[in-house]
Amino acid sequence: MRGLNPQQREAVLYQGQSLLIVAGAGSGKTRVLTHRIAHLIATHRAWPSQILAITFTNKAANEMRERVGQLLGGAADGMWISTFHSACVRILRREISELGYNSSFTIYDTHDSRVLLKRLIKERHADTDGLTPAAAQHRISQLKNELRDADDLSRDSGGRSPLDEALIDIYRAYDHALLRANALDFDDILVQTVHLFEAFPEVRRRYQHKFRHVLVDEYQDTNKAQYELIRLLTTSADGTGPATAPERAEPRILSVDAPTLTVVGDSDQSIYAFRGADMRNIVDFEKDFPGTHVVLLEQNYRSTQRILSAANAVIGNNFDRAEKNLWSALGDGEKITAYAGYTAHDEAQFVADRIDDLHQDGLDYRDVAVFYRTNAQTRALEEIFVRAGIPYRLIGGTKFYDRAEVKDALAYLVAIANPVDDLSVRRILNVPKRGIGPTTEQRLVMFAEQQRLDLPAALTRAAEIGLGPKVTQAMTSLGGAIVDARTALAEDRLDEVVGRFFEHIGIIEVLRSSLDAQDQARAENLEEFLSQLTDYVDKHPDASMVDFLTEVQLTAAADDLDDESGTVSLMTLHTAKGLEYPAVFITGLEEGLLPHQMSIDEIGGLAEERRLFYVGITRARRRLFLSLAINRTVFGQTRDQLPSRFLDEIPGELIEWRQHPDEIGANRRGISWGGSQRAGDDDFEADGGWGASARSHGSRSKRSGAAHAWANEIGVGSTPKTELHLAAGDRIRHKSFGEGTVEELTGKGAKQVAAVRFDSGQRKKLVVALAPIEAL
DNA sequence: GGTTTGTTAGTTTTT
DNA sequence: CTAACAAACC
């Protein structure tokens with residue numbers, strides 16, 4: 001209990017049935033949770049295996065496990081500390097046969113499920129109704145998060161448009177296809193677990209009996225399905241707990257035997273409404289679980305007072321929220337530094353310069369983070385950071401496992417582990433190219449249906465389809481390889497089987513011998529994939545192929561954050577949740593970006609954007625930097641940007657402007673700068689008319705002033721070299737690659753690209769106008 | 001069936 | 001601007 005304040009101590013010690021910890025940003029909630037778990041175990045109120053703790057990311061889960069382990073001196077094994085999704089998959093792998101799936105089910109990510117939907121829509125010609133795959137996916141995901149399936153929808157009476165009908169149809173077909181493929185999408189992982197507990201009370205009772213204490217972090221970002229899951233786990237299954245969900249207003253009586261429930265959250269940090277998160281879960285918690293004890297944590301141990309004051313001022317503009325004031329004992333700290341740049345590159349240069357300063361003053365690169373609203377904003381930052389020599393890492397964005405070639409590799413593993421997953425098998429039919437086009441694929445699928453075979457089995461009998469000898473041979477061989485690999489899994493190490501398998505089908509070899517420079521990188525990615533697999537098997541000798549796939553598919557962007565790397569971290573504001581850094585940059589503080597254009601017309605959208613900004617601000621411990629660009633290239637063309645309305649919400653005396661938007665002729669929204677606060681009424685702000693109507697001529701004159709900034713951009717300012725006229729067969733010398741022969745020339749003028757085979761054996765594609773090459 | 005070229009549509013945030 | 005798609009060509 002040492003080092004805990006009275007409120008924290010109270011939260012750790014409370015012994016009743018349900019506890020709500022309202023924890024402001026930086027108030028030590030992780031500390032409280034870990035101590036509470038450790039205390040439960042240390043006082044023999046629970047065995048480690050009786051603890052279920054839900055966190056938002058796998059990384060948070062690992063951290064928590066480690067910290068509890070430290071407190072207890074290592075007796076933490078057997079605790080379930082994981083995300084909702086991981087915990088549910090773990091349960092489903094054991095129990096899902098009750099629901100008609102097989103325990104080696106595969107998990108579809110958003111991309112997979114979109115491909116499936118696209119196919120279904122096409123087959124049904126539902127696109128004529130104006131149903132796009134993306135829209136259908138979004139709607140279905142929303143519905144699943146609300147625990148509504150296609151049958152529920154069709155039971156609804158009342159007028160339905162043709163579009164609604166089409167959606168119901170597609171939704172039903174989609175779920176059916178998933179079941180047939182023995183696959184679950186992200187939402188199903190939660191939904192099917194809820195189904196399991198509802199339909200099989202004895203299973204539910206078993207897990208209730210197992211978990212005596214349930215703890216949920218980031219409770220403000222739970223959705224309906226997650227809420228229902230918690231309810232099913234923590235309220236009595238016998239008698240009072242009906243199989244169907246009662247109306248949410250109905251009070252829930254916790255029987256003495258029910259597990260205890262602890263939730264931690266902060267409604268000001270709810271930023272996942274777009275994913276179905278429902279703040280009512282935390283707001284109504286006391287109603288839902290009567291007798292709840294509430295603890296408020298308001299002292300912030302993370303940030304300086306100036307940073308907190310800014311955060312408080314911003315979030316204070318959200319009406320309809322519980323008053324809460326964070327305070328800090330860490331002193332005022334320094335002012336917030338702000339900068340308005342001419343362009344995104346200018347802005348990035350400011351960020352780079354300040355990081356340089358900080359580094360000079362002894363701050364480690366790893367202690368710096370740069371946040372942005374959209375992933376598209378990374379480009380300028382990356383370009384400038386490379387030039388400035390600042391080591392950085394992108395957290396999130398396109399993940400390693402999202403790359404096409406890696407997804408191919410994964411699809412192969414799925415084909416081996418779960419052969420009924422048509423989507424995955426079809427993905428790899430012709431990778432690498434083996435002459436199986438759409439027509440052949442169709443014939444194969446029909447053959448498989450007739451013979452009631454899964455696709456790999458059908459491949460082994462391709463001779464019966466009556467295709468040409470070449471294709472038939474290729475198909476039989478592929479099918480045989482998949483079946484053999486499955487058999488080999490029983491005997492040999494997973495990574496060895498996969499390694500041999502890849503060698504056999506030549507997937508890496510084909511890329512290696514390709515002329516396309518990108519293919520070399522792809523081959524390297526596949527080799528990296530194999531070495532990650534080997535690492536995994538070394539770490540988990542008993543793990544199956546399915547275990548590996550699960551881990552890969554549930555691993556989020558924020559999970560592979562490695563604090564030891566000594567680099568600046570770049571990430572979206574969403575990814576930043578739950579993290580903290582001594583120095584934080586929030587970039588792109590412009591109307592249309594933060595708040596994002598898409599959110600401005602949405603109900604509650606502006607309030608959520610404000611919370612997102614609030615989350616960003618409160619990640620900072622000592623230094624906070626805010627920046628924007630008054631000219632930003634979006635959509636391929638340059639646009640004038642207005643400073644974000646959120647900047648107005650920070651009291652002027654907290655900010656020191658290095659370059660004020662007014663100095664460089666930024667457009668204004670027709671209100672005074674840094675002056676009196678506007679009433680933070682969403683409806684009032686949401687008219688958004690200022691942006692368009694106040695668009696003035698101010699920006700034109702600044703073009704000349706911007707010239708300096710432009711010179712900062714990559715490429716501009718470097719002297720164009722004399723034009724090179726090359727032809728295939730010409731010999732050239734490259735500054736770093738040495739001498740080589742031009743093999744091929746494509747494009748013309750400034751965009752001409754030469755494919756060069758260097759004497760070292762390397763092949764490269766080079767932009768003739770830019771590459772440091774000379775003719776020999 | 002494979003490859004290249006041209007066209008078009010779409011870009012918020014993510015377990 | 002890019003990625004995904006379709007059409008035209010080999």
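Order of the sequence lines fixes the chain letters, A, B, ..., with proteins taken first and strands second; residue numbering starts at 1 for each chain.
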Restricting both atoms to N or O, compile the protein contacts to nucleotides 4-6 of chain C shorter than 3.5 Å, with distance only.
unit_1 : atom_1 : unit_2   : atom_2 : d
C:dC5  : OP1    : A:Lys118 : NZ     : 2.1

Verify whether the ring centers belonging to A:Tyr174 and A:Tyr108 lie closer than 6.0 Å.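 Ring-ring flag for A:Tyr174/A:Tyr108: false, centres at least 6.0 Å apart.
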
Is there any salt bridge (charged side-chain N to carboxylate O under 4.0 Å, His left out) pair reaching into residues 569-578 of chain A, and which pairs are they, with sequence neighbours excluded?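 Counting only pairs at least two positions apart or across chains, the salt bridge (charged side-chain N to carboxylate O under 4.0 Å, His left out) contacts touching residues 569-578 of chain A are A:Glu218-A:Lys577, A:Asp221-A:Lys577.
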
Quick one: which residue pairs count as a salt bridge (charged side-chain N to carboxylate O under 4.0 Å, His left out) with a foot in residues 81-92 of chain A, not counting sequence neighbours?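 Every pair satisfying salt bridge (charged side-chain N to carboxylate O under 4.0 Å, His left out) with a residue in residues 81-92 of chain A: there are none.
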
Among [options], find the nucleotide with the atom closest to the side chain of [X].
X	options	answer
A:Thr374	B:dT12, B:dT14, B:dT3	B:dT12
A:Arg275	B:dT14, B:dT3, B:dT12	B:dT14
A:Asn375	B:dT12, B:dT3, B:dT13	B:dT13
A:Thr110	B:dT14, B:dT12, B:dT15	B:dT15
A:Thr572	B:dT3, B:dT14, B:dT12	B:dT14

When you check the phosphate oxygens OP1 and OP2 of [N], does a side-chain N or O of [X] lie under 4.0 Å from one of them?
X	N	value
A:Thr575	B:dT14	yes
A:Thr439	B:dG1	yes
A:Lys577	B:dT13	no

Just checking [X]: base, sugar-phosphate only, or nothing, at a heavy-atom cut-off of under 4.0 Å?
X	result
A:Thr440	sugar-phosphate
A:Asn430	sugar-phosphate
A:Ser86	nothing
A:Phe84	nothing

Assess whether atom CZ of A:Arg434 is packed by more than 12 heavy atoms of other residues, nucleotides or ligands within 6.0 Å.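 Yes, CZ of A:Arg434 has more than 12 neighbouring heavy atoms, counting only those of other groups under 6.0 Å.
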
In what stems does DNA chain B take part, counting only runs of at least 3 consecutive Watson-Crick or G-U pairs whose two distances fall under 3.5 Å?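 Paired runs of 3+ in DNA chain B: B:1-10 with C:1-10.
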
Taking only Lys NZ, Arg NE, NH1 and NH2, and the carboxylate oxygens of Asp or Glu, determine whether A:Asp278 and A:Lys224 approach each other closer than 4.0 Å.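 Not counted as a salt bridge, because no side-chain N and carboxylate O are separated by less than 4.0 Å.
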
Determine, for A:Arg512 against A:Glu509, whether the closest basic-nitrogen to carboxylate-oxygen distance falls under 4.0 angstrom.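 No, no charged N to carboxylate O under 4.0 Å.
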
Short N/O separations, protein against nucleotides 7-10 of chain B, under 3.5 angstrom:
none

Which residue, A:Met598 or A:Pro438, contacts DNA chain B at a nucleotide closer to its 5' end, judged by nearest heavy atom?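 This one resolves to A:Pro438.
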
Start at the 5' end of DNA chain B and walk down; is the nucleotide closest to A:His574 or to A:Ile436 reached first?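 Whichever sits nearer the 5' end wins; that is A:Ile436.
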
Separation of A:Asp187 CG from A:Ile140 CD1 (nearest 0.5 Å):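 Output value for this atom pair is 10.0 Å.
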
How long is the straight-line distance from CZ of A:Phe447 back to OG1 of A:Thr440, given to the nearest 0.5 Å?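 Reported value, rounded in 0.5 Å steps: 14.0 Å.
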
Quick one: [X] [atom1] to [N] [atom2], roughly how many Å, whole number?
X	N	atom1	atom2	result
A:Ile586	B:dT13	CD1	P	17 Å
A:Leu92	B:dT15	CG	P	19 Å
A:Arg379	C:dT2	CZ	C1'	8 Å
A:Asp519	B:dT3	CG	P	11 Å
A:Leu429	B:dG2	CG	P	12 Å
A:Glu609	B:dT13	CD	C1'	8 Å
A:Arg114	B:dT14	CZ	C1'	13 Å
A:Asn145	B:dT15	CG	C1'	10 Å

For a salt bridge (Lys or Arg N to Asp or Glu O under 4.0 Å) check, start with the C-alpha distance between A:Arg379 and A:Glu382, then their side-chain angles and the critical distance, and finish with the verdict. CA-CA 5 Å; A:Arg379 189 149 299 157; A:Glu382 282 193 87; over 6 Å; no

Geometric cation-pi criterion A:Arg93 and A:Phe105, 6.0 Å radius, 45° cone: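 Yes, a cation-pi geometry holds between A:Arg93 and A:Phe105.
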
Counting N and O atoms only, with roles assigned by atom type, does the side chain of A:Arg611 sit under 3.5 Å from a partner on the main chain of A:Ser270, one being a donor and the other an acceptor?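 Side chain of A:Arg611 to backbone of A:Ser270, a donor-acceptor pair under 3.5 Å: yes, one is there.
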
Knowing that exactly one of A:Thr57, A:Thr55, A:Asn58 qualifies, which makes a side chain to side chain donor-acceptor pair (under 3.5 Å) with A:Ser86?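 Going through the options one by one, the only one that passes is A:Asn58.
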
Which residues share a salt bridge (charged side-chain N to carboxylate O under 4.0 Å, His left out) with A:Arg619, sequence neighbours left out: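 Partners of A:Arg619 by the salt bridge (charged side-chain N to carboxylate O under 4.0 Å, His left out) criterion come out as none, since no residue qualifies.
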
Considering only the C1' atoms, how many Å lie between B:dT13 and C:dA4, rounded to the nearest integer?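 One C1' to the other, the span is 22 Å.
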
